[in-house]
Novice: 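Before we start, here is the structure in question, set down as structure tokens.
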Amino acid sequence: MMSPTKAFQTAYGRLRREWKLAFFTCFFVGLLVHMPILLSDIPNHDGLDSMYFDQNMITSGRWFLTIACGFSSYYTIPWVIGILGLVFLAAAAAALCELLEVGKTWAVMLCSALLAVFPALASTFAYVYTLDGYMMALFLAVLSVLFTRKYRLGFLPGALCLAFSMGIYQSYLSFAMILSVFAIWMLFDREGEGAPSVKEKLLGMLRYLYMGVLGTVLYFGILQLLLLVQGKGLDTYQGIDGMVAGGAGGLSLPGTAANMYRDFFSFTLKGNVLFQNPFSTAGLCILAAGAAAAVFFRLRRKKYWKNPALLIIMILTAAMLPLATNVILLISPDVNYHLLMRYQWVLYLTGAVALLEKGDDGKKVWLEWAGFLAAAVMVFCYCVTDNIAYSNLQKRYEKTYAYCVRLLDRIEQTEGYYPGIPIAMVGVVGDEQYPVTDITLPVTSGMIGMNGDVLLYMGKNYGIFMKNYLGATLNILPAEAMESMYYAEEYMAMDSFPGKDSIRIIDGVMYIKTENAAR
């Protein structure tokens, strides 16, 4: 039997250089860029309600999330959760480079760095309490395609990985679908001695379909079984119940497809994420132009038009990419499609780098230089974007803290107040009394959880914040307590905080008006 040292050395020695380079690049770049959030306790509005959360979200279809997040405990401890999340992300980077056959040092490092700095990941870090589980789901999604590509029966373990990935977070289904398209292209591109025949290529393409169908069926089967065992049903949140209903918001299939294409190009061009300044715009344009040139040279050199069947399949799969990217819109076209659910766009950047790495099989070195310079510029720009967002998140916390200190003092000084008095309030902070001070909106407008001025959106947010950060326990009533009072003349006549008449005690209930004076 080998000693632990010998066993570790043996296992480490069997890892390919590219895997280790991808892993450590992604991990350490991620650590450097996201350090502000890992070393702080900066909640966003959802984080206030998740300082201890068992992640049992089976009613949202996430039946494996509670186990995936259980390794770090159910407390929000950003450093531990962040490190675990980066380990899973780094493993996904290594698997991705293996899948896309990225081998050159510069390309491996930039593909891995892009995964670590893409702004959608920063938005995920804002919801740090669930980060480790989501990154495990991402890793499983990449593995599902890698297994399918590497082994003849790899679609079986691939389907298992996909089912558990969806059981954590369904949005990474798009990751697996886009990577499957990339893998199909790579299969069709293989030529020369040992290359598969046309028939073998077509059969190989079907393996990805098998993986997707089996994985989805397994996911739904486990979901329905666990819902039955727990006596629960799917929630209406984000249209998740539409998975079973099979609806797409009442739209026809062509209408749904058109909606998916519109959203794809709208986010790509106007989402204020892929490019935000002249440098990132230039980088993205050079990367896109270089990738287009590489495709053109490859098509011309390999004369794909001599095999129309394969050429048509490649064109059709390319046309399906926007649909694969936006597959979640098949469930509900009215879903609040926020940035956490758009991480798959990073695959177009890493795919372009993988394409340019080949430099038309080394015949056009300028393609490699284009990929290297463009991707490096975009990595730097995204690093800056992420930290601008983290800076504003810190300021949101500080503004919320100052606001709640003032509000708590006014509550306790109100005549008739006593500890435990029922308190009814709405959650929105009035922007007429407090004009917008978020100066980061040109950068963070599309980054959910990062923009804005304060963390308070619901009455219970106040209670949680004051309890955990100010040490004051208030008896905040549920939102339903405001229903009978909200449109009453007496309430409408009240000032908004910090107005003199913003707090009243009526029939033993303290009403606090924080919203705008005019509704």
Side-chain angles (χ1 to χ4, degrees), residues 1-39 55 64-117 121 124-125 128-154 156-158 160-162 164-165 168 172 175 179 350 354 357 379:
M1 179 181 292
M2 289 188 293
S3 67
T5 301
K6 183 64 176 178
F8 175 80
Q9 290 174 340
T10 301
Y12 188 78
R14 290 178 180 174
L15 298 176
R16 293 177 53 185
R17 182 190 69 87
E18 293 84 359
W19 300 353
K20 292 181 280 192
L21 183 61
F23 183 93
F24 289 116
T25 298
C26 185
F27 182 83
F28 286 112
V29 169
L31 194 62
L32 289 173
V33 173
H34 305 292
M35 189 75 75
I37 202 77
L38 298 184
L39 293 180
Q55 301 289 350
F64 196 61
L65 182 62
T66 185
I67 297 174
C69 291
F71 297 105
S72 60
S73 82
Y74 297 126
Y75 290 94
T76 299
I77 40 179
W79 178 255
V80 174
I81 295 174
I83 293 298
L84 279 174
L86 286 174
V87 167
F88 286 126
L89 178 65
L96 179 66
C97 288
E98 173 68 15
L99 174 63
L100 298 181
E101 296 181 351
V102 181
K104 293 182 179 178
T105 298
W106 71 265
V108 171
M109 294 183 70
L110 286 173
C111 281
S112 304
L114 282 168
L115 281 179
V117 303
L121 183 65
T124 308
F125 266 92
V128 68
Y129 57 89
T130 193
L131 174 81
D132 50 345
Y134 281 15
M135 292 301 98
M136 181 190 290
L138 179 72
F139 177 46
L140 289 171
V142 179
L143 278 184
S144 69
V145 185
L146 181 60
F147 283 144
T148 304
R149 182 173 182 269
K150 286 291 184 181
Y151 307 107
R152 187 173 65 88
L153 295 178
L156 294 175
L160 189 65
C161 288
L162 182 63
F164 278 85
S165 175
I168 298 171
Y172 295 130
F175 230 86
L179 287 177
T350 57
E357 177 217 20
V379 166

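All residue numbers in this chain count up from 1 along the given sequence.
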Novice: Using the salt bridge (Lys or Arg N to Asp or Glu O under 4.0 Å) rule, collect all pairs that involve residues 17-33, keeping only residues at least two apart or in two chains.
Specialist: R16-E18
Novice: At what distance, to the nearest 0.5 angstrom, does CD1 of I168 lie from CD of Q55?
Specialist: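 Spacing of CD1 (I168) from CD (Q55) equals 11.0 Å.
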Novice: Which heavy atom of A141 sits nearest a heavy atom of S165, and at what distance?
Specialist: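 Minimum heavy-atom contact is CB-OG, 3.7 Å.
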Novice: Using modelled atom types and a 3.5 Å cut-off, is there a donor and acceptor pairing between side-chain atoms of H34 and backbone atoms of L86?
Specialist: no
Novice: Rounded to the nearest 0.5 Å, how far apart are OG of S112 and CH2 of W19?
Specialist: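 One finds 14.0 Å between OG of S112 and CH2 of W19.
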Novice: So, are E98 and R149 salt-bridged, with charged N and O less than 4.0 Å apart?
Specialist: no
Novice: Looking only at heavy atoms, what is the nearest atom pair of F88 and M136, with distance?
Specialist: CZ-CE, 3.5 Å
Novice: Which atoms form the tightest heavy-atom contact between T76 and I81, and what is the distance?
Specialist: CA-CD1, 4.1 Å
Novice: Between C69 and T130, is there a side-chain heavy-atom distance shorter than 4.5 Å?
Specialist: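 Sidechains of C69 and T130: in contact.
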Novice: So, for Y172 and A137, which heavy atoms are closest and what is the spacing to 0.1 Å?
Specialist: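 What the structure gives for the nearest pair is CD1-CB, 3.6 Å.
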Novice: With a 4.5 Å cut-off on side-chain heavy atoms, are T66 and Y74 touching?
Specialist: yes
Novice: Using 0.5 Å steps for rounding, measure from the CG atom of L110 to the SG atom of C97.
Specialist: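 The CG atom of L110 sits 10.0 Å away from the SG atom of C97.
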Novice: Can you tell me how far CG of L140 sits from CZ of F164, rounded to the nearest 0.5 angstrom?
Specialist: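 Interatomic distance, F164 CZ to L140 CG, rounded to 0.5 Å: 9.0 Å.
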Novice: Taking all non-hydrogen atoms of both residues, which atom of V379 and which atom of V117 are closest, and how far apart?
Specialist: O-CG2, 3.9 Å
Novice: Look only at the side chain of T25 and the backbone of A22, and say whether a donor-acceptor pair between them is shorter than 3.5 Å.
Specialist: no
Novice: Would you compute the distance between atom CZ of F139 and atom SG of C161 and round it to the nearest 0.5 angstrom?
Specialist: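 If I round to the nearest 0.5 Å, the distance is 8.0 Å.
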Novice: Would a 4.5 Å heavy-atom cut-off, applied to side chains only, mark L89 and L121 as touching?
Specialist: yes
Novice: Can you find a pair of side-chain heavy atoms, one from F147 and one from L160, that are under 4.5 Å apart?
Specialist: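 No - every pair of side-chain heavy atoms lies 4.5 Å or more apart.
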Novice: Kindly state each residue pair satisfying side-chain hydrogen bond (donor to acceptor under 3.5 Å, both in side chains) with at least one member in residues 131-141, sequence neighbours excluded.
Specialist: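 Of all non-adjacent pairs touching residues 131-141, those that pass side-chain hydrogen bond (donor to acceptor under 3.5 Å, both in side chains) are R62-Y134, S72-D132.
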Novice: Could you tell me which non-hydrogen atom of L65 sits nearest to which non-hydrogen atom of G133, and how far apart they are?
Specialist: CD1-CA, 4.5 Å
Novice: Please state whether the rings of F24 and F28 are parallel, tilted or perpendicular, taking 30° and 60° as the class boundaries.
Specialist: parallel
Novice: Would you say the side chain of T5 lies within less than 4.5 Å of the side chain of F8, judging by non-hydrogen atoms?
Specialist: no
Novice: Do L38 and L31 touch side chain to side chain, with heavy atoms closer than 4.5 Å?
Specialist: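 L38 vs L31: side chains touch.
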Novice: So do L138 and F175 actually touch side chain to side chain, heavy atoms under 4.5 Å?
Specialist: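 They are in contact (side-chain heavy atoms under 4.5 Å apart), so the answer is yes.
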Novice: Going from CD1 on I77 to CD1 on I83, what distance comes out if it is rounded to the nearest 0.5 angstrom?
Specialist: 11.5 Å
Novice: Within the 4.5 Å heavy-atom criterion, are L131 and M135 side-chain neighbours or not?
Specialist: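 Result yes, sub-4.5 Å side-chain heavy-atom pair found.
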